[in-house]
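Let me begin by presenting the structure, written as structure tokens, before commenting on it.
The sequence lines fix the lettering, A, B, ..., with proteins before strands; numbering per chain opens at 1. Remember, it's a predicted structure, so these values are computed and weren't measured experimentally.
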Number of protein chains: 2
Amino acid sequence: MARAGTTARKTRNQMEKRQAIFEAALDVFSEKGLRGATLEQVAKAAGLSKQNVVYYFNGKDQIYAELLESLLQKWVQPLHDLSAEGDPLDEILTYVSRKVQMSRNMPRESRLFATEILHGAPRLGDVLPTDLKTLVDDKAAIIQGWMDAGKLAPLDPHHLIFSIWSMTQHYADFDVQVRSVLGPERSATRFEDAEAFIKDMLIRTLQP
Amino acid sequence: MARAGTTARKTRNQMEKRQAIFEAALDVFSEKGLRGATLEQVAKAAGLSKQNVVYYFNGKDQIYAELLESLLQKWVQPLHDLSAEGDPLDEILTYVSRKVQMSRNMPRESRLFATEILHGAPRLGDVLPTDLKTLVDDKAAIIQGWMDAGKLAPLDPHHLIFSIWSMTQHYADFDVQVRSVLGPERSATRFEDAEAFIKDMLIRTLQP
DNA sequence: GTCTATAAATCGATAGAC
DNA sequence: GTCTATCGATTTATAGAC
């Protein structure tokens with residue numbers, strides 16, 4: 001009868017079930033969106049009954065909210081790791097590499113956030129104007145410092161970051177379109193080709 | 001009793017009602033997606049009753065399908081207009097201008113297509129692998145021709161087009177995030193800044 | 001904790017009067 | 001064509017036995 005949902009202490013088995021539900025929810029929500037997905041689908045994907053899923057979480061919305069929150073940190077980690085200590089161009093190209101890798105290896109997470117933001121990000125609370133803005137402002141200042149020091153060509157750092165986000169995430173979020181346009185053969189190497197293209201573009205652009 | 005939905009002949013009043021429904025549907029579907037939106041919301045936004053909306057179209061899915069189809073042509077027009085006859089860099093920069101303008105003036109259309117493709121584009125039929133692929137291949141060949149003639153730096157034309165799509169549409173699809181990160185002041189000029197940034201990036205990249 | 005059963009709400013669609 | 005009334009399906013959530 002004890003609620004497993006939000007209490008602090010949880011058994012190992014409870015954590016495993018919660019993790020299975022998270023995994024299933026990521027599958028279903030990233031493919032159909034919050035409203036398009038049903039609890040039944042999440043439960044089936046997790047190998048549990050619908051009522052059992054409700055037992056571990058309090059409802060569909062809570063699964064979705066906790067899922068988003070649990071992925072947020074991992075999602076912005078690559079930008080967080082961009083360091084003022086490294087070589088300017090290296091740091092930026094490494095960031096691009098990691099973002100392309102994430103589009104390749106974590107397309108579900110990318111689509112989950114994309115759908116959420118596309119619909120106005122009502123469940124991301126005020127994380128965007130606070131935490132994310134602070135992080136981006138911080139990194140933009142580093143990049144601006146590099147430009148002021150003549151190590152990179154002068155460009156708007158915020159829009160530079162936007163351009164990297166958009167170009168890299170495009171290959172996860174709109175994968176169907178990318179593959180349709182490229183055709184089966186060229187789709188096989190789309191991530192490598194994209195990474196090379198974006199890096200090439202940025203090298204030419206950022207060379208002082 | 002005559003069905004107004006799919007017959008060929010329609011009165012002026014019928015067309016006006018249908019147009020009002022389209023306009024309302026674009027509002028609601030672009031904000032909440034197909035499943036997230038209800039007929040009631042569309043009807044209210046159109047100033048009609050739910051049953052009346054059903055009378056003009058046969059159901060929610062049909063409104064959505066016809067809406068997508070009616071917007072498709074307008075959506076790809078800028079790329080269609082990219083001409084082999086013009087100056088290479090001019091043609092590409094003009095394309096960027098028009099795409100940024102569309103993000104500014106038609107954000108609902110952008111988000112509608114984005115949501116559809118994000119969820120696997122089930123309702124876009126096989127337009128992607130046929131019509132869109134043909135169009136992109138055609139324009140990519142033109143760009144490749146310019147590169148072969150030494151008028152542009154050599155780059156993968158398909159990924160170049162993807163990069164323009166992603167960078168420009170980013171400002172419509174993820175507008176909430178863009179404004180959150182930029183803050184109120186800098187958001188005021190986000191489209192002008194974005195256009196200048198993207199053009200600057202492409203000029204430096206495409207200069208032979 | 002997990003199950004069966006079912007309540008409660010939402011929503012798309014239809015019937016039929018006018 | 002537009003209205004009132006309502007059906008039927010889906011889906012979330014809860015109650016209670018074990």
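For B/T11, counting side-chain heavy atoms from C-beta on, the closest listed nucleotide (C/dC3, D/dG1, C/dG1) is D/dG1. Among the nucleotides C/dG1, C/dT4, D/dG1, the one closest to any side-chain atom of A/Q14 is C/dG1. Comparing C/dC3, D/dC3, C/dC11 against the side chain of B/Q51 picks out D/dC3 as the nearest.
Rounded to whole Å, the distance from NZ on A/K32 to C1' on D/dT11 is 14 Å. What separates CD of A/Q62 from C1' of D/dA13 is a distance of 13 Å, to the nearest Å. One atom, OH of A/Y55, and another, P of C/dT4, lie 17 Å apart when rounded to the nearest Å. Counting to the nearest Å, the C1' atom of C/dA9 and the CD atom of B/E40 are 14 Å from each other. Here the C1' atom of nucleotide D/dT11 and the CG atom of A/L34 are 13 Å apart, to the nearest Å. For the pair A/K44 NZ and D/dT10 P, the computed distance is 15 Å after rounding to whole Å. The nearest whole Å value for the distance from the CG atom in B/N52 to the C1' atom in D/dT2 is 6 Å. Rounded to whole Å, atom P of C/dG12 lies 10 Å from atom CZ of B/R35.
A cation-pi arrangement is absent between B/K139 and B/W165, since the terminal nitrogen or guanidinium carbon is not both under 6.0 Å from the aromatic centre and inside a 45° cone about the axis.
With B/S110 contributing its side chain and B/S103 its backbone, the two residues share no donor-acceptor pair below 3.5 Å.
Within 4.0 Å of A/K60, counting heavy atoms only, lie sugar-phosphate atoms of the nucleic acid but no base atom.
The shortest non-hydrogen separation linking A/A188 to A/E192 is O-OE1, 4.3 Å.
For the pair A/E109/A/S30, no side-chain contact is recorded, criterion being any heavy-atom separation below 4.5 Å from C-beta on.
Residue B/S49 places at least one side-chain N or O closer than 4.0 Å to OP1 or OP2 of D/dC3. The phosphate of C/dT2 (OP1 or OP2) has a side-chain N or O of A/Y56 nearer than 4.0 angstrom.
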> When you look at A/Y171 and B/H159, which way does the ring pair (Phe, Tyr, Trp, His ring centres under 6.0 Å) test go after all the steps?
Replying inline: CA-CA 10 Å; A/Y171 291 88; B/H159 290 279; 5.6 Å; yes
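Both A/L48 and B/A37 lie near DNA chain C, and the one whose nearest nucleotide falls closer to the 5' end is A/L48. Sequence order on DNA chain D of the closest nucleotides to B/K50 and B/N13 puts B/N13 first from the 5' end.
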